[in-house]
Amino acid sequence: MKQKKIGLVLLEIFGLLLAILWLSPFYLMVVNAFKTKREIFTNVLGIPEEFTFENFNQAFVELDFVNSFLNSFFISVVSVAIIILFSAMAGYALARNKSKLSSIIFYFFVGAMLIPFQSVMIPLVSIFGQAEMLNQASLIFMYLGFGCSLSIFLYHGAMTGISNSLDEAAKIDGANKFQTFWHIIFPLLKPISVTVGILNVIWIWNDFLLPSLVIGEANATIPLKMFYFFGQYTKQWHLALAGLTIAIIPVIIGYFFAQKQIIKGVSEGAVK
């Protein structure tokens, strides 16, 4: 019994050390964002002698934060909505049609998850570039292509827990396939839809590589704008760290308001 208590204490200490190690970069980022350029190099770990908000004002303007945030928000919301809609319909169709063709198509989607983006990056951008289609619409279309494989896999698995008798009852009542899916099946897929939404929002909101290849600086998302910003201010760490702090604020606010739905969606989606 005593050894078990000692083991729990050691485990708690280890967990605390890991938490400190994980939080230390955030501490350094936030604390140094309030310092002057000179104080960062003379007092990296300490609390600022005098908190200055001028760094944030200048970084907000230079980062063009409002425009970058709106670009990220628009691309993320539209992309995730389309991924959920198309993947749910595809997962439903593939799960309900028990045929060899459906199985082959499903395994093609599963196999597509193993293909890294870097292997198709150059031909994809080259084709869209020749067609003069490197814009936000093309970026959303690409996110649909890269995001639907995992999403269809999750929806297909969730459909196995929904009885076929619901479809049969809806058919007897005169509902067609689309009505059955939209009014009966899709509401039952809410937990997995939340899970799919979370996974894709995290990926799309933080993605840098694909936007850097498809859209220009004028329509840059927050991660892409941060890249340009750091390129300008690599020696002015007080501005760079202030800009990075501003960039993570929307994520923190979004998680704060949606944390219940996130936890519920992940747990219920796992059960499904």
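Fair warning: this is a prediction, and the values are worked out from it, not measured in the lab. FYI, the numbering just counts along the sequence from 1.
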Q: Answer whether the closest heavy-atom distance between the side chains of Met226 and Leu63 falls below 4.5 Å.
A: yes

Q. Got a sec, which residues hit side chain to side chain donor-acceptor pair (under 3.5 Å) with Ser119, two or more places apart in sequence or on another chain?
A. none

(Q) Could you check whether atom CZ of Phe186 has more than 12 heavy atoms from other residues, nucleotides or ligands sitting under 6.0 Å from it? (A) yes

Q: Indicate the ring-plane relationship of Trp22 and Phe26, choosing parallel, tilted or perpendicular according to the 30° and 60° boundaries.
A: tilted

Q: Anything under 30° is parallel, anything over 60° is perpendicular, the rest tilted; go ahead and classify Phe106 against Phe153.
A: parallel

Q: Taking the side chain as every heavy atom from C-beta outward, state whether Val30 and Phe34 have any pair of such atoms under 4.5 Å apart.
A: yes

**Q.** Parallel, tilted or perpendicular: rings of Phe208 and Phe227 (30°, 60°)
**A.** tilted

Q: Name all residues meeting the salt bridge (charged side-chain N to carboxylate O under 4.0 Å, His left out) criterion together with Lys35; count only those two or more places apart in sequence or in a different chain, and write none if there are none.
A: none

Q. What is the ring orientation for Phe56 with Phe53, classed by angle as parallel under 30°, tilted 30 to 60°, or perpendicular over 60°?
A. tilted

Q. Do you know the tightest heavy-atom contact between Ala90 and Ile152?
A. CB-CD1, 3.7 Å

(Q) More than 12 heavy atoms of other residues, nucleotides or ligands under 6.0 Å from CZ of Phe128: yes or no? (A) yes

Q. Between Ile84 and Gly197, which heavy-atom pair has the shortest distance, and what is it?
A. CD1-CA, 4.1 Å

Q. Mind checking whether Ile184 and Asp167 have side chains closer than 4.5 Å, heavy atoms only?
A. no

Under 3.5 Å, which donor-acceptor pairs do the side chains of residues 137-150 form with other protein atoms, sequence neighbours left out?
residue, atom, partner, partner atom, Å
Ser138, OG, Met133, O, 2.0
Ser138, OG, Asn135, OD1, 3.1
Tyr143, OH, Asp207, OD2, 2.7
Ser149, OG, Phe109, O, 3.4

Q: Taking all non-hydrogen atoms of both residues into account, name the closest pair between Ile204 and Ser79 and its distance.
A: CD1-CB, 3.6 Å

**Q.** pair Thr36-Glu49: side-chain heavy atoms closer than 4.5 Å
**A.** no

Q: Sequence neighbours left out, what passes side chain to side chain donor-acceptor pair (under 3.5 Å) with Asn164? Give chain and number order.
A: Arg96

Q: Mind listing the closest non-hydrogen atom pair of Ile40 and Trp237 along with its distance?
A: CD1-C, 3.8 Å

Q) Would you say the side chain of Thr221 lies within less than 4.5 Å of the side chain of Leu224, judging by non-hydrogen atoms? A) yes

Q. Take atom CD1 in Ile122; do more than 12 heavy atoms of anything else shown fall under 6.0 Å from it?
A. no

Q: Would you sort out whether Glu39 and Asn32 count as a side-chain hydrogen bond (donor to acceptor under 3.5 Å, both in side chains), showing the intermediate values?
A: CA-CA 8 Å; Glu39 190 178 357; Asn32 288 298; over 6 Å; no

Q | Set of residues satisfying side chain to side chain contact (heavy atoms under 4.5 Å, CB included) with respect to Ala93, sequence neighbours excluded | A | Asn97

Q | Residues Tyr155 and Ser193: side-chain donor-acceptor under 3.5 angstrom | A | yes

Q | Residues which pass side chain to side chain contact (heavy atoms under 4.5 Å, CB included) with Ser163, listed by chain and number, not counting sequence neighbours | A | Ser165

